[in-house]
Amino acid sequence: MSLTTNVVVPNVVLQSSFTMPVIGFGTAAMSNDSDTLKAAVIEAVKLGYRHFDTASIYGSEQALGEAIAEALKLGLISSRDELFITSKLWLSDNHPHLVLPALQNSLKTLGLEYLDLYLIHWPLTTEPELKKFPYDEDDLLPFDLKGVWTSMQECQNLGLTKSIGVSNFSCKKLENLLSFATIPPAVNQVELNPCWQQKNLREYCKTKGIVVTAYSPLGAKDSFWGGNHVMDNELLKQIAHAHGKTVAHISLRWLYEQGVTFAVKSYNKERIKQNLEIFDFSLTSDDYQKINQIKQERKVKNGPAGFEFAENLWDGEN
């Protein structure tokens, strides 16, 4: 029997008909110490998190899988089915014949029989087995999106993942994908927060029934790809003070009110708890006026490589 949790996180319904919790627990970190990550995941499960986001490149799949097994052993959850687990296909596996083996390897590492969501991590391809980070421009190969997506669809049809989706896709790349997909992407996971609001992309995804998930929802200040621009924003501080909340609360509440899901990462016990405390207040029209004034700045400009991807990756899209 499952233990009572502090917060019941709402769900959204995906095009695949499955539900996904609006709040996810991210595991992308500069370094993933296994014991620290496992302890954080166990604490998150106790508090009410049910969506856990990982990727083959993060180096967190094994520790997450061990934490899931421990949560079951402790009776924190009664079944793996109570959790929503997302993982991602890395660039070096972005080849039609490698998609299924990559997913099977992730499942083996996680110790799971299926994923709830499998994403193409980036619309980029490198040579197989070239799993370095960052990449050089010479490492990139032409991306066979149609072939890769066909293999992603096979993974869903085989029941190895309940839903499939993409990450870091612009409107133009989504339009290309939708032109031939027989199973449309359920999710597009992108950098999104009050300092990079992606209004055009959000509106496009809404018209196509694609759920948007925000990564770096608080700016990822402790990572090489992020910064302090969200947590140190003066307008967000003003709003937080008016509500008696934190900047994190305001940023996450804003995402929630936009209909955006998000994966937030912290291994700090108190912040893990605080990041769930966004359902007891609402933003005002004055708050929205301030948020609309925030200077927009993308932090993930170079993608997984050491050079500017503006034309190649983003297609000039907001």
Student: Please determine whether residues L100 and F143 belong to a single hydrophobic cluster, defined as Ile, Leu, Val, Met, Phe, Trp and Tyr linked transitively by side-chain heavy-atom distances below 4.5 Å.
Tutor: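 Yes.
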Student: What I'd like to find out is whether the side chain of D139 reaches to under 4.5 Å of the side chain of L130, using heavy atoms alone.
Tutor: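 SC-SC contact between D139 and L130 confirmed.
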Student: Would you please test S251 and N193 for side-chain contact (heavy atoms from CB on, under 4.5 Å) and show each step?
Tutor: CA-CA 7 Å; S251 299; N193 54 59; 5.8 Å; no
Student: Classify the side-chain pair T54/S87 by whether it contains a donor and acceptor separated by less than 3.5 Å.
Tutor: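 There is no such pair between these side chains.
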Student: With a 6.0 Å cut-off on the ring centroids, do H249 and F279 count as close?
Tutor: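 Distance test on ring centres: not under 6.0 Å, no.
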Student: Begin from the C-alpha positions of Q156 and I183 and carry the test side-chain contact (heavy atoms from CB on, under 4.5 Å) through to its verdict.
Tutor: CA-CA 9 Å; Q156 180 170 324; I183 300 176; 3.8 Å; yes
Student: Only pairs at least two apart or in different chains count here, so list each salt bridge (Lys or Arg N to Asp or Glu O under 4.0 Å) that has a residue in residues 113-126.
Tutor: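 Sorted result for residues 113-126: R80-D116.
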Student: Would you give the length of the straight line joining atom CG of L218 to atom CG of N275, rounded to the nearest 0.5 angstrom?
Tutor: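 It is 6.0 Å, given to the nearest 0.5 Å.
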Student: For side-chain contact (heavy atoms from CB on, under 4.5 Å), just list the numbers for E277 and K273, CA-CA rounded to whole Å, side-chain angles, deciding distance to a tenth of an Å, and then say yes or no.
Tutor: CA-CA 7 Å; E277 297 171 347; K273 179 176 182 291; 2.7 Å; yes
Student: Does F18 belong to the same Ile/Leu/Val/Met/Phe/Trp/Tyr cluster as L107, with side-chain heavy atoms less than 4.5 Å apart forming each link?
Tutor: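 In one cluster: no.
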Student: May I have the step-by-step check of side-chain contact (heavy atoms from CB on, under 4.5 Å) for T284 and I239, ending in yes or no?
Tutor: CA-CA 9 Å; T284 67; I239 299 170; over 6 Å; no
Student: Can you sort out the partners of Y114 under ring pair (Phe, Tyr, Trp, His ring centres under 6.0 Å), two or more places apart, ordered by chain and number?
Tutor: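 So Y114 forms no ring pair (Phe, Tyr, Trp, His ring centres under 6.0 Å) with any residue.
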Student: Can you measure from CE (M152) to OG (S163) and round to the nearest 0.5 angstrom?
Tutor: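 So the gap between those two atoms works out to 10.5 Å.
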Student: Judged by atom type as modelled, is there a donor-acceptor pair below 3.5 Å linking the side chain of T27 to the main-chain atoms of S60?
Tutor: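 No: the side chain of T27 does not pair with the backbone of S60.
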Student: Taking atom types as modelled, find out whether T150 and E154 have a side-chain donor-acceptor pair closer than 3.5 angstrom.
Tutor: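 T150 vs E154: no donor-acceptor pair found between side chains.
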Student: What pair of heavy atoms forms the shortest contact from W122 to F169, and how long is it?
Tutor: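 Scanning both residues, the minimum pair turns out to be C-CE1, 4.4 Å.
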Student: Answer yes or no on whether K206 is positioned over the face of Y204, meaning its NZ or CZ is under 6.0 Å from the six-membered ring centre and within 45° of the axis.
Tutor: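 No - K206 does not lie over the ring of Y204 by the 6.0 Å and 45° rule.
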Student: Considering non-hydrogen atoms only, spot the tightest contact between I210 and P185 and give its length.
Tutor: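 Looks like CG1-O, 3.5 Å.
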Student: Between T213 and T261, is there a side-chain donor-acceptor contact under 3.5 Å, judged purely by atom types and distance?
Tutor: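 Per modelled atom types, T261 and T213 side chains form a pair under 3.5 Å.
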Student: Could you grab the distance from atom SG of C195 to atom CG of L236, nearest 0.5 Å is fine?
Tutor: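 Reported to 0.5 Å precision, the distance equals 6.0 Å.
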Student: If you group Ile, Leu, Val, Met, Phe, Trp and Tyr by side-chain heavy-atom gaps below 4.5 Å, do L47 and V7 land in one group?
Tutor: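 Same cluster: L47 reaches V7 through Ile, Leu, Val, Met, Phe, Trp or Tyr contacts under 4.5 Å.
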Student: So, S56 versus E61: side-chain donor-acceptor pair below 3.5 Å or not?
Tutor: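 Checked: S56/E61 side chains show no N/O donor-acceptor pair below 3.5 Å.
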Student: Looking just at side-chain N and O atoms, do H121 and N94 make a donor-acceptor pair shorter than 3.5 Å?
Tutor: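 There is no such pair between these side chains.
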Student: Can you measure from CD1 (I272) to CD1 (I42) and round to the nearest 0.5 angstrom?
Tutor: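 The CD1 atom of I272 sits 11.0 Å away from the CD1 atom of I42.
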Student: Please check if W90 and L141 belong to a single hydrophobic cluster, counting links between Ile, Leu, Val, Met, Phe, Trp and Tyr side chain heavy atoms closer than 4.5 Å.
Tutor: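 No, W90 does not connect to L141 through the hydrophobic network.
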Student: Roughly how far, to the nearest 0.5 Å, is the CD atom of E82 from the CG atom of L76?
Tutor: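 Going from the CG atom of L76 to the CD atom of E82 covers 10.0 Å.
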Student: Kindly give the heavy-atom pair with the smallest separation between K265 and G26, and that separation in Å.
Tutor: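 Scanning both residues, the minimum pair turns out to be CG-O, 3.1 Å.
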Student: Identify the two heavy atoms, one from R253 and one from S282, that lie closest to each other, and give their separation to 0.1 Å.
Tutor: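 Here R253 and S282 meet closest at NH2-OG, 3.3 Å.
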Student: Taking the side chain as everything from C-beta on, heavy atoms only, tell me whether P128 gets closer than 4.5 Å to L98.
Tutor: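 With C-beta onward as the side chain, the pair touches.
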Student: Could you tell me whether the side chains of E66 and Q62 share a donor-acceptor contact shorter than 3.5 Å?
Tutor: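 Their side chains do contain a donor-acceptor pair, which is all the 3.5 Å distance test asks for.
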Student: Rounded to the nearest 0.5 Å, what's the gap from CH2 on W196 to CD1 on I294? Could you check?
Tutor: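 These two atoms lie 13.5 Å from each other.
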Student: Going by atom types only, do N268 and Q274 share a side-chain donor-acceptor pair under 3.5 Å?
Tutor: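 No.
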Student: Is there a donor in the side chain of T86 and an acceptor in the side chain of H51, or the other way round, less than 3.5 Å apart?
Tutor: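 Yes, H51 and T86 have a side-chain donor paired with an acceptor closer than 3.5 Å.
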Student: Can you name the closest pair of heavy atoms from V260 and V212 and give their distance?
Tutor: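 The pair with the smallest heavy-atom distance is CG1-O, 3.6 Å.
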Student: Would you check if I164 and W149 make a side-chain contact, meaning some heavy-atom pair closer than 4.5 Å?
Tutor: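 In contact.
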Student: Between E257 and Y288, is any side-chain donor less than 3.5 angstrom from a side-chain acceptor?
Tutor: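 The criterion, which ignores hydrogens and geometry beyond distance, is satisfied for Y288 and E257.
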Student: Less than 4.0 Å between a side-chain N and a carboxylate O, is that true for D280 and K245?
Tutor: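 Looking at D280 together with K245, the answer is yes, because their closest N to O distance falls below 4.0 Å.
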Student: Which heavy atom of L83 sits nearest to which heavy atom of F52, and what is that distance?
Tutor: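 Minimum heavy-atom contact is CD2-CE1, 4.1 Å.
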Student: In terms of hydrophobic clusters joined by side-chain contacts under 4.5 Å, are V13 and L255 together?
Tutor: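 Each belongs to a different hydrophobic cluster.
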Student: Is the closest basic N to carboxylate O distance between E234 and K237 below 4.0 Å?
Tutor: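 Yes, charged N to carboxylate O under 4.0 Å.
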